[in-house]
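Shown next, in structure tokens, is the structure this report addresses.
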Number of protein chains: 2
Amino acid sequence: MRKQRNPIPTIDTIIEKNGKIVLVKRKNKPFEGKLALPGGFVELGETVEHAAVREAFEETGLRVKLKEILGVYSHPKRNPLLHTLTVVFIADPTSGKVRADSDVSEAKWFELKDIDFKNLAFDHAKILKDYMNWKKKKGTYWSGKE
Amino acid sequence: MRKQRNPIPTIDTIIEKNGKIVLVKRKNKPFEGKLALPGGFVELGETVEHAAVREAFEETGLRVKLKEILGVYSHPKRNPLLHTLTVVFIADPTSGKVRADSDVSEAKWFELKDIDFKNLAFDHAKILKDYMNWKKKKGTYWSGKE
């Protein structure tokens with residue numbers, strides 16, 4: 001296997017509408033069966049904003065318009081398989097209807113209050129807590145922010 | 001050489017005080033002799049926030065406290081040598097005095113209006129234009145933001 005020398009960049013997107021957000025149920029390792037924000041790896045030659053729009057569509061069927069960056073999360077243990085760094089966007093859905101793709105078994109709108117934070121993959125519980133702060137007072141966030 | 005499969009993460013930091021920011025003069029490729037924000041690669045096992053504080057100190061002699069993320073810039077051509085993705089922080093200096101380290105030949109405080117934008121490395125001219133918008137109206141930024 002190729003030796004990893006730097007964290008691998010990924011993106012995740014909070015698609016929000018009327019107080020709800022979209023979560024997907026993961027089919028693959030790690031965190032199979034857990035709920036997560038739609039997201040994935042940033043490919044070589046691709047911008048983070050392109051990756052976010054691409055993965056949102058692939059995993060949820062929604063076309064999105066990115067509004068802001070919530071933060072960048074890069075704790076070495078956030079993914080138990082390899083060190084990843086994720087850029088989290090906040091986006092509006094612009095068209096399409098929620099449907100799951102082959103990488104995820106479910107994609108669904110959730111009221112924030114109905115989300116079981118103990119059932120979230122990676123550090124997405126921390127990310128959604130920061131998102132709730134962002135809704136009140138904006139700002140940007142990262143893994144070790146005090 | 002190892003084949004690159006994803007963009008390589010880096011960080012850059014805008015250290016601001018009384019309307020001035022710190023720029024360094026680069027000694028190494030690419031952009032030798034050009035001015036740049038202090039920054040560098042994120043190492044495996046390190047968070048972006050740790051890398052930002054570490055590189056700011058190494059390159060400028062200043063201890064900093066990170067305040068916000070300005071944006072994430074990942075255009076594949078922003079660095080002519082390899083595809084990098086940079087997380088740009090805004091920080092306050094907390095102690096230390098500006099001095100250059102071995103990777104840079106100069107580190108200096110600049111008034112924004114005195115910066116020659118044509119003499120900046122990478123996409124740092126775009127980043128500093130976004131920073132001037134941020135000073136007026138906050139928000140977050142990326143390479144392809146309209």
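Values below: every heavy atom of this structure, side chains too, minus hydrogens, waters and symmetry copies. We name chains A, B, ... by the order of the sequence lines, and we start the count at 1 in each one.
- Taking hydrophobic clusters as Ile, Leu, Val, Met, Phe, Trp and Tyr residues chained together by side-chain heavy-atom distances below 4.5 Å, B/L23 shares a cluster with B/L70.
- There is a path of hydrophobic side-chain contacts, each under 4.5 Å, that joins B/I14 to B/Y73.
- With respect to B/V72, the side-chain contact (heavy atoms from CB on, under 4.5 Å) criterion is satisfied by exactly one of A/V48, A/T47, A/L85: A/V48.
- Both the backbone and the side chain of B/L66 come within less than 4.5 Å of a heavy atom of chain A.
- No continuous path of ILVMFWY side-chain contacts below 4.5 Å connects A/Y131 to A/F122, so the two sit in separate hydrophobic clusters.
- Using a 4.5 Å cut-off between heavy atoms, B/K77 makes no contact with chain A at all.
- Linking ILVMFWY residues whenever their side-chain heavy atoms come closer than 4.5 Å, directly or via other members, places B/I11 and B/L62 in the same cluster.
- Taking 4.5 Å as the limit, every side-chain heavy atom of B/E46 sits out of range of all side-chain heavy atoms of A/P76.
- In this structure, A/W134 is a member of the same hydrophobic cluster as A/I115, with clusters built from ILVMFWY side-chain heavy atoms closer than 4.5 Å.
- Counting heavy-atom pairs under 4.5 Å between each of A/R78, A/E49, A/K145 and chain B puts A/E49 at the top.
- Environment of NZ in A/K65: sparse, with no more than 12 heavy atoms of neighbouring residues, nucleotides or ligands closer than 6.0 Å.
- Heavy-atom neighbours of A/K108 NZ from other residues, nucleotides or ligands within 6.0 Å: at or below the threshold of 12.
- Contacts between B/V87 and chain A at a heavy-atom distance below 4.5 Å involve the side chain alone, from C-beta outward.
- With a 4.5 Å cut-off on side-chain heavy atoms, B/T140 and A/E68 count as touching.
- Remark: A/H50 NE2 to B/S74 OG distance equals 11.0 Å, nearest 0.5 Å.
- Contact between A/W142 and B/K67 at its shortest, heavy atoms only, is CH2-O, 3.6 Å.
- Only the backbone of A/Y141 comes within contact range of chain B, with at least one heavy atom under 4.5 Å from a heavy atom of that chain.
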Determine, step by step, whether B/N6 and A/I8 satisfy the side-chain contact (heavy atoms from CB on, under 4.5 Å) criterion, reporting the C-alpha distance in whole Å, the side-chain angles of both residues, the deciding distance to 0.1 Å, and the verdict. CA-CA 7 Å; B/N6 307 87; A/I8 304 291; 3.8 Å; yes

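- In the displayed structure, A/K27 atom NZ is contacted under 6.0 Å by more than 12 heavy atoms of other residues, nucleotides or ligands.
- Heavy atoms closer than 4.5 Å to chain B are found nowhere in A/K138, neither backbone nor side chain.
- A 6.0 Å sphere centred on CZ of A/R99 holds more than 12 heavy atoms belonging to other residues, nucleotides or ligands.
- With hydrogens and angles disregarded, no donor-acceptor distance shorter than 3.5 Å links the side chain of B/H83 to the backbone of A/L44.
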